[in-house]
Enquirer: 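Got a structure for you, written out below as structure tokens; questions coming shortly.
Every chain is numbered from 1 and lettered A, B, ... according to where its sequence line falls, protein lines coming before strand lines.
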Amino acid sequence: MNVFRLLGDLSHLIAVIILLQKIWHTRSCAGISGKSQVLFALVYTARYLDLVSTYVSLYNTFMKVIFLISSYATIYFIYMKFRATYDRNHDTFRIEFLILPSVLLALLINHQFSFLEVLWTFSIYLESVAILPQLFMVSKTGEAESITSHYLFALGSYRGLYIFNWIYRYWSEQHYDIIAIVAGVVQTVLYCDFFYLYVTKVLKGKKLQLPA
Amino acid sequence: PQVEESHDEL
């Protein structure tokens with residue numbers, strides 16, 4: 001464990017707390033893409049199946065359980081409890097175009113052709129594009145509530161900080177996982193446009209307006 | 001590439 005990975009995981013934890021807090025307190029999931037949340041639930045389910053077979057550490061287990069519970073809780077809020085506030089018309093990204101290529105790529109490019117390893121690889125590839133429906137929705141509505149943009153900033157920072165973790169681990173332990181690194185870079189690059197707007201607008205108290 | 005015996009990252 002190193003400080004970059006710890007900060008990355010905390011950033012991820014903060015993101016899910018911000019999201020749940022926003023939905024619970026405003027009793028609304030306006031502006032939130034249910035499709036991205038479905039993809040995240042798929043990602044964490046496929047990646048954290050090893051909860052039953054491998055024990056890494058208490059921290060590892062605790063965080064996996066938190067991310068699994070929070071992703072399903074968010075889906076419950078969006079599609080059931082607060083479904084009246086779900087903006088279905090603006091959440092139209094075809095997620096099958098993200099899932100199928102991730103499945104195919106995981107079957108073709110992986111470290112080991114075993115059930116858990118292919119699922120892990122699938123989750124890594126899918127996570128790198130899972131935010132697209134959300135970013136697409138924000139660009140369609142042309143704006144995002146500031147709380148939603150804080151959520152996106154924390155979520156984007158999580159994998160961005162992991163890149164520093166991978167650099168550190170390569171330099172200090174000669175450990176690297178090329179699949180996680182490439183996917184993590186792709187994932188972070190997808191946020192760059194948003195990061196720019198967040199820093200130049202939201203931090204100055206303006207509303208986040210994406211060019212539609 | 002490094003074959004991961006188990007993935008220790010989240």
Enquirer: According to salt bridge (charged side-chain N to carboxylate O under 4.0 Å, His left out), does anything in residues 91-113 of chain A pair up with another residue at least two apart or in another chain? List the pairs.
Expert: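 For residues 91-113 of chain A, and leaving out neighbouring residues, the salt bridge (charged side-chain N to carboxylate O under 4.0 Å, His left out) pairs sorted by first residue read Arg94(A)-Glu96(A).
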Enquirer: Is the shortest side-chain heavy-atom distance between Asn165(A) and Glu9(B) below 4.5 Å?
Expert: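 Yes; the side chains approach each other to less than 4.5 Å.
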Enquirer: Would you please name every residue forming a side chain to side chain donor-acceptor pair (under 3.5 Å) with Tyr198(A), sequence neighbours left out?
Expert: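 Listed in chain order: His150(A).
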Enquirer: From His7(B) NE2 over to His111(A) NE2, what is the distance, rounded to the nearest 0.5 angstrom?
Expert: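 Reported value, rounded in 0.5 Å steps: 6.0 Å.
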Enquirer: Most heavy-atom pairs under 4.5 angstrom with chain B, which of Ile179(A), Leu116(A), Asn110(A), Asn60(A)?
Expert: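 Among the listed options, the one with the most contacts to chain B is Asn60(A).
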Enquirer: Tell me whether Phe164(A) at atom CZ has more than 12 heavy atoms from other residues, nucleotides or ligands lying less than 6.0 Å away.
Expert: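 Check fails, neighbour count at 12 or below.
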Enquirer: How would you list, in number order, the residues of residues 2-12 of chain A that have a heavy atom less than 4.5 Å from chain B?
Expert: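 Within residues 2-12 of chain A, the residues under 4.5 Å from chain B are Arg5(A), Asp9(A).
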Enquirer: With sequence neighbours excluded, what pairs up with Ser172(A) under the side-chain contact (heavy atoms from CB on, under 4.5 Å) test?
Expert: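 If we apply the side-chain contact (heavy atoms from CB on, under 4.5 Å) test to Ser172(A), skipping adjacent residues, the hits are Tyr168(A).
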Enquirer: Identify the two heavy atoms, one from Phe67(A) and one from Leu10(B), that lie closest to each other, and give their separation to 0.1 Å.
Expert: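 Taking every non-hydrogen atom into account, CE1-CD1, 3.9 Å.
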Enquirer: Measure Tyr44(A) against the heavy atoms of chain B and call it side chain, backbone, both or neither at under 4.5 Å.
Expert: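 Looking at Tyr44(A), nothing touches chain B.
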Enquirer: Run the side chain to side chain contact (heavy atoms under 4.5 Å, CB included) test on Met1(A) and Asp8(B) for me, step by step, so that the C-alpha distance in whole Å, both residues' side-chain angles and the decisive distance to 0.1 Å come before the verdict.
Expert: CA-CA 9 Å; Met1(A) 174 57 81; Asp8(B) 62 347; over 6 Å; no
Enquirer: Would you say Tyr170(A) has more than 12 foreign heavy atoms packed within less than 6.0 Å of its OH?
Expert: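 No, OH of Tyr170(A) has 12 or fewer neighbouring heavy atoms, counting only those of other groups under 6.0 Å.
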